[in-house]
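So the structure is just underneath, and the comments pick up after that.
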Amino acid sequence: MPVLAGAEPFRHEGGEVAVLLCHGFTGSPQSLRPWAEHLAEHGLTVSLPLLPGHGTRWEDLRITGWRDWYAEVDRELRALRERRAKVFVAGLSMGGALALRLAARHGDAVSGVVVVNPANKVHGLAAHALPVVRHLVPATKGIASDIAKPDSRELGYDRVPLHAAHSLRQFFRIVDGELPQVTQPVLLLRSPQDHVVPPADSARVLSRISSTDVTEVILEQSYHVATLDHDADRIHEESLAFIGRFAPGLVKEPGLGKEGTTTGG
């Protein structure tokens with residue numbers, strides 16, 4: 001199936017500091033595109049891949065699982081490490097869980113982690129029925145576009161395939177067990193008004209990681225997809241400042257020393 005217009009991956013070859021961005025479950029790179037472009041404008045190398053099964057139709061997601069999604073970002077991280085001196089990982093929702101697992105498994109190869117409303121668990125009684133129900137019901141209603149900003153919309157599926165949701169639940173359990181292996185500096189940004197991922201998930205992440213340099217930022221004006229919401233500019237600013245702390249002199253002012261090329265839709 002062709003990729004939906006706007007859901008294409010984004011890549012920019014910039015300086016020696018790279019950022020790997022991971023989008024969320026049933027979403028697409030569109031939800032992080034403004035963030036990716038902002039980082040690129042400041043001279044960073046940026047990779048924002050399209051995860052398998054995403055960005056086309058929900059039926060395509062049904063035949064993929066967490067190993068496919070993680071393998072994609074793992075390959076991207078390894079490729080960035082071959083070309084750049086420092087690599088930061090970042091993500092929204094499930095993308096936050098992907099970023100945290102990359103940090104846990106790759107250690108010093110990851111310089112820091114930025115997560116926005118990171119997901120840690122599939123909640124509700126229905127989650128316990130997924131192993132059985134997924135064989136009886138193909139999909140349930142979608143979770144995309146939880147945004148407070150009236151004129152903003154997330155490009156995501158209107159249905160959630162239950163086979164994929166079951167795999168996501170397994171993935172969250174694995175990541176939760178690996179969180180103590182996360183020792184890198186962490187910037188966590190969360191929305192108190194989130195109708196997809198409850199505050200308990202961010203609290204769980206913060207209580208489990210072993211990082212000693214941890215910053216938590218509250219996004220008061222946004223819902224779950226904060227990267228497209230009222231607090232998007234704050235996410236851009238906070239993440240750049242965070243990266244700049246660990247890569248002094250390598251984060252440029254916009255319009256200065258533009259270099260490299262950009263690919264994407």
Side-chain angles (χ1 to χ4, degrees), residues 3-24 27-51 54-55 72-93 95-96 98-99 102-103 109-117 149 152-155 184-187 189 217 219 222 225-265:
V3 174
L4 296 170
E8 303 88 355
F10 174 90
R11 290 178 178 83
H12 174 80
E13 292 296 328
E16 284 302 308
V17 178
V19 183
L20 169 58
L21 294 168
C22 310
H23 69 75
S28 74
Q30 178 262 356
S31 62
L32 302 183
R33 182 70 178 254
W35 190 7
E37 291 176 342
H38 188 79
L39 295 172
E41 288 171 1
H42 284 263
L44 304 181
T45 292
V46 182
S47 177
L48 171 53
L50 173 63
L51 300 179
H54 292 75
E72 181 69 22
V73 296
D74 186 79
R75 281 192 296 270
E76 290 286 336
L77 175 61
R78 293 175 188 274
L80 288 172
R81 281 292 300 171
E82 291 177 356
R83 312 194 311 274
R84 297 295 182 260
K86 286 183 176 289
V87 181
F88 293 79
V89 294
L92 166 69
S93 194
L98 290 169
L102 289 170
V110 172
S111 297
V113 185
V114 182
V115 289
V116 179
N117 293 323
K149 193 175 182 180
S152 187
R153 176 180 171 272
E154 181 187 19
L155 182 59
Q184 300 90 338
V186 171
L187 169 62
L189 306 102
V217 174
L219 306 173
S222 301
V225 190
T227 50
L228 296 178
D229 217 326
H230 295 294
D231 291 298
D233 288 345
R234 187 171 187 195
I235 294 171
H236 301 169
E237 294 163 3
E238 294 282 357
S239 59
L240 271 173
F242 175 79
I243 293 167
R245 284 174 52 208
F246 305 103
L250 297 178
V251 177
K252 301 175 182 177
E253 292 298 319
L256 295 179
K258 285 189 176 180
E259 58 182 295
T261 59
T262 301
T263 61

With rounding to the nearest 0.5 Å, note down the distance linking [atom1] in [X] to [atom2] in [Y].
X: R11; Y: E76; atom1: CZ; atom2: CD; value: 4.0 Å
X: D233; Y: E238; atom1: CG; atom2: CD; value: 11.5 Å
X: L92; Y: L228; atom1: CG; atom2: CG; value: 8.5 Å
X: K86; Y: T45; atom1: NZ; atom2: OG1; value: 14.0 Å
X: S239; Y: R234; atom1: OG; atom2: CZ; value: 11.5 Å
X: C22; Y: L98; atom1: SG; atom2: CG; value: 5.0 Å

Looking only at non-hydrogen atoms, find the nearest pair between [X] and [Y] and report the distance.
X: H236; Y: H38; value: CB-CD2, 3.3 Å
X: L50; Y: P29; value: CD1-CD, 3.5 Å
X: P185; Y: S111; value: CD-O, 3.5 Å
X: L48; Y: L21; value: CD1-O, 3.5 Å
X: G55; Y: A7; value: CA-CB, 3.9 Å
X: V116; Y: A226; value: CG1-CB, 4.0 Å

### Message
Parallel, tilted or perpendicular, judged at 30° and 60°: which one describes the rings of F246 and F242?
### Response
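F246 and F242: perpendicular rings.
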### From CA spacing to verdict: side-chain contact (heavy atoms from CB on, under 4.5 Å), H12, L39
CA-CA 9 Å; H12 174 80; L39 295 172; over 6 Å; no
### Query
Got a donor-acceptor contact below 3.5 angstrom from the D229 side chain to the K149 backbone?
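Present.
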#### Entry: Heavy-atom donor-acceptor pair, H23 side chain to S31 backbone, under 3.5 Å
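Checked: no pair found.
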### Message
Which residue in the set L80, V114, L77 passes side-chain contact (heavy atoms from CB on, under 4.5 Å) when paired with V89?
### Response
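Of the listed options, the one satisfying the test is L77.
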### Message
A side-chain contact here means heavy atoms from C-beta on lying under 4.5 Å apart; do V110 and L20 qualify?
### Response
no
### Task
Give a yes or no on whether a salt bridge exists between E37 and R33, defined as a side-chain N under 4.0 angstrom from a carboxylate O.
yes
### Message
So, using side-chain hydrogen bond (donor to acceptor under 3.5 Å, both in side chains) as the criterion, who are the partners of R81 when residues are at least two apart?
### Response
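Listed in chain order: nothing, the list is empty.
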